[in-house]
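So the structure is just underneath, and the comments pick up after that.
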Number of protein chains: 2
Amino acid sequence: MEMDLNAQVKKACFLQRLKDFPSKLKDGVTKRIKHVQKFGKDDPRRIIHSIKVGLSLTLVSMLYYVRPLYNSFGVSGMWAILTVVVVSEFTVGGTLSKGLNRAFATLIAGALGVGAVHLARLCGHKGEPIVLGILVFSLGAAATFSRFFPRIKQRYDYGALIFILTFSMVAVSGYRTDEILVIAYQRLSTILIGGTICILVSIFVFPVWAGEDLHKMVANNIIKLANSLEGFEGEYFPSSEKTSKGTNSSVREYKSINLTSKSTEDTLANLARWEPGHGRFRLRHPWTKYLKIAGLVRQCAIHFEVLNGCVLSDAKAPQDFISKIQEPCSIISREAGEALKAIAKSIKTMSRYHVCVNTHIKNSKNAIENLRLALKVSFPETDKDLLEIIPVVTMASTLIDIVSYVEKISESVDEFSVLAHFKENLDPKLSPELGQHHLLHKGTVKPVLEGDNEEECNNSPHVVIAVHDEQPPTVNENNVNLGAEKTTVVVV
Amino acid sequence: MEMDLNAQVKKACFLQRLKDFPSKLKDGVTKRIKHVQKFGKDDPRRIIHSIKVGLSLTLVSMLYYVRPLYNSFGVSGMWAILTVVVVSEFTVGGTLSKGLNRAFATLIAGALGVGAVHLARLCGHKGEPIVLGILVFSLGAAATFSRFFPRIKQRYDYGALIFILTFSMVAVSGYRTDEILVIAYQRLSTILIGGTICILVSIFVFPVWAGEDLHKMVANNIIKLANSLEGFEGEYFPSSEKTSKGTNSSVREYKSINLTSKSTEDTLANLARWEPGHGRFRLRHPWTKYLKIAGLVRQCAIHFEVLNGCVLSDAKAPQDFISKIQEPCSIISREAGEALKAIAKSIKTMSRYHVCVNTHIKNSKNAIENLRLALKVSFPETDKDLLEIIPVVTMASTLIDIVSYVEKISESVDEFSVLAHFKENLDPKLSPELGQHHLLHKGTVKPVLEGDNEEECNNSPHVVIAVHDEQPPTVNENNVNLGAEKTTVVVV
């Protein structure tokens, strides 16, 4: 009886499951499709790239579909298909690097291969495979070894691979055919056709520039640092009402810089060097300088790790001690954050904001002096022991370190801005030269334009009306031209 | 006259240069050759790998040189050459991953391609290229899109590439030939031949295992941390004579962990999963656990960056304050360094030293308590202001953080050691179980064996003679068996 009951229960379970199966399958498929859709929406360039590859494949298939083309290339057309598949990279730099590597390596290796076959034929029919074997072995091994050298690996790795490939194929098949020149010619020409299609599609159909990605990435990493600093202020001093903009998530924004940026940046800088001038970037844009800035940003992010440790630390110092250093610490983090934002803006717009940046750095340095003073004063008063204030002191000294890194970043961006021909963008309000003019009238009014105030140099946006007794420097003209982007307008 | 003189001087210069040219060329070439030799000597596996590739190429060339083989494969032999060139990777994991990806992708795409051609033929001669074009476009685009998904990118990127390649080639060439099954069969079989040659050469001729590299890398990174700690002690407290082992270079050893390890480790762990069981590693060795340990090591290395800042800092605290905390700090860094060394040894020998590690961690924790006490006591005595001692306090709190990371690393290695079936290696002298036996006699004598004392658990190597009133647990047998490796011998 029990057995029967058990069997019946099992059967019922099985039937239920069978009933549920279609709905479960549907749920699973819907979930999967949504995931894929979200993935595509996150970066629509992925979808575009996939369509571009499909397009290149269709174009290159014409070598087979169109009779006159097939008559001249025959089955060699498949080398063109192969080239399209392996050369189509996400970025223009990647495609150019692979395409050029492939073309030149095929050319050189093809010529050497033809030479090797002719040399081997001099040794008679028995000696031929031996000579060819020795040549293939030694050139193959040498080219493989060359791929270990960092310089070659970085830029010509694919070329070395194709060199081995083409040389071996031409040399070995030369043993069995007399039409070796025809083979070499067809292989080279089809590779050129495939490579050209790829490069043209890559450059002219929604191009993805590695250089632009690198540029944005470095600027965004600096913004992440700024956000983390702001978030830190809000989290460490939750009592301060004005400054509680930061949320938990923004404090940890720096984390992504530490872990993943280095190798991506290296790759992008490497590919960017293959790209022609595009948009705001000239042909010989100083791409390697980005790596220097990015290195400093990463060093700075390491200090954020320590700052984060202080935020998460359970051992909080006595409130009266914290409240004494709160103001300078808040100012330091806010001003350093503003400086970072101005630096990021300078990179993004490719114009120089060094006056603005320097002012913020100066402000944060003044705050450091105040912090030092506060530490000096509050020290003898408190009768708590040193242990309790260790985390706070660590936090303070880390903040000071961060300011010095912000200064270093600013210096290296300054250096870079000269090499990259940034537009000059003096903020006349803050410019020291303007201070020399005799000021007749000055006042502030509420902003007329409603813009993106967050990115502004000043926390409270306002229009400065300054009436001078002489003509201001011509620099102001630039400023007015850029007025649409800024809410601070100088009316002279 | 002057012109003449000038011309004469120029001519003399030119002749001199021409004379120097051969010797300069010789110097340049010698320098280059020495550089290459040094590069090869640094890691002789590079030379071996190059020879292995040459060997595989020579083997696969037989498809052309040997008449019966050429008769059966014909020009398709070049696919075998192509496979050898692209599949030959430095590590066994890399070769297996590429070879298997290539083989399975070719199989699936070849079958689909043949199916696509048959489908297209149903649509008549005019419809055929259109249907083929649509199929190639859509499958090519879909497979390209799939390559963006991290999971596929990590393990099956090459497979997806070969899928697009084979499907396009079979489908497109199917339009012009009726021997499509023969083409697909020849392509598949030659790829299998090439892939098999590569895999066999890779596994049986001086194999390079990605898993072993990862294993060694993680252990070495932990040793680098230990060396940096030791070096730090020597550099920060140069007065302490006993401890001045560390040199400038060893303090900075941790740097290489920060910058380059992450991506290399990820790649190695990825490739290691493709490898069969080898040496001490079983088939399902917990490779991903290495990444967890490596992540903690990297987090720890970040704190070393702060410690390094303290070493380099100009603002040195008053000597009397430093001298008060010197002892506990020295002990912390020494014991934490010893714990790290024991952890690294545990990984390297794949045996558990957790008693030893725990003792060192416990010692360093005791020293932390002493440090806290020292800070408490020395604080009110000094009448210097807080600013001067900030760097020292930062240093001390960073050391405390480092100990907590060492503990975390130890825990995660413990966890890993269970999964990876480490040998049990109880040090009975330190084992708590042994304490329960009634000790009759106990004493220490100078070591008899001269071994590598540095790696030993105790700073002063000695032989412990413990006479118990009952049989000790069987664990001791293991210990005696391992006696050759250790200078601590238990005589019962």
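To find a chain, count down the sequence lines: A is the first, B the second, and so on, and within it residues start at 1.
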Inset, instruction - Check each atom of A:Val170 against the heavy atoms of chain B and say whether the ones under 4.5 Å are side chain, backbone, both or neither. - result: neither
Legend entry - Under 4.5 Å from a heavy atom of chain A, the part of B:Arg67 involved: both
Inset, instruction - Below 4.5 Å from any heavy atom of chain B, which atoms of A:Tyr70 appear? Answer side chain, backbone, both or neither. - result: side chain
Inset, instruction - Just say parallel, tilted or perpendicular for the rings of A:Phe39 and B:Phe149, cut-offs at 30° and 60°. - result: parallel
Legend entry - Top of B:Asp43, B:Leu165, B:Thr166, B:Asp266 for chain A proximity - count of heavy-atom pairs under 4.5 angstrom: B:Leu165
Inset, instruction - Over all heavy atoms of both residues, which pair between A:Arg176 and B:Val66 is shortest? Give the atoms and the distance, please. - result: NH2-C, 4.0 Å
Inset, instruction - Look up atom CD1 in B:Ile302 and atom CG in A:Asn308, then write down how far apart they are to the nearest 0.5 Å. - result: 10.5 Å
Legend entry - Proximity breakdown for A:Ile47 and chain B, heavy-atom pairs closer than 4.5 Å: both
Inset, instruction - Anything in residues 134-143 of chain A with a heavy-atom distance to chain B below 4.5 Å? Please list those residues in order. - result: A:Val136, A:Phe137, A:Gly140, A:Ala141
Legend entry - Option that, when pairs with chain A are counted at under 4.5 Å, heavy atom only, ranks first among B:Met169, B:Lys52, B:Arg147, B:Glu128: B:Met169
Inset, instruction - For each of A:Ile162, A:Thr144, A:Leu63, tally heavy-atom pairs with chain B at distances under 4.5 Å, and name the one with the top tally. - result: A:Thr144
Legend entry - Per-residue contact mode, A:Phe90 against chain B (heavy atom under 4.5 angstrom): side chain
Inset, instruction - Between chain A and each of B:Val86, B:Val75, B:Leu132, count heavy-atom pairs under 4.5 Å; write down the option with the most. - result: B:Leu132
Legend entry - Pairing residues for A:Asp401 by the side chain to side chain contact (heavy atoms under 4.5 Å, CB included) criterion, not counting sequence neighbours: A:His303
Inset, instruction - Over all heavy atoms of both residues, which pair between B:Gly40 and A:Phe145 is shortest? Give the atoms and the distance, please. - result: CA-CZ, 3.8 Å
Legend entry - Partner chain B: residue of A:Gly133, A:Ser173, A:Ala396 with the largest heavy-atom pair count (under 4.5 Å): A:Ser173
Inset, instruction - Quick one: which of B:Leu55, B:Ile51, B:Leu82, B:Thr58 has the most heavy-atom pairs under 4.5 Å with chain A, could you say? - result: B:Leu82
Legend entry - Contact class of A:Phe148 relative to chain B, heavy atoms under 4.5 angstrom: both
Inset, instruction - Begin with the C-alpha distance, continue with both residues' side-chain angles, and end with the deciding distance and a verdict on side-chain contact (heavy atoms from CB on, under 4.5 Å) for A:Val172 and B:Tyr65. - result: CA-CA 8 Å; A:Val172 172; B:Tyr65 299 150; 3.9 Å; yes
Inset, instruction - Let me know if A:Val36 has heavy atoms under 4.5 Å from chain B in its side chain, its backbone, both or neither. - result: both
Inset, instruction - State the OG-CD1 distance between A:Ser168 and B:Ile81, to the nearest 0.5 angstrom. - result: 6.5 Å
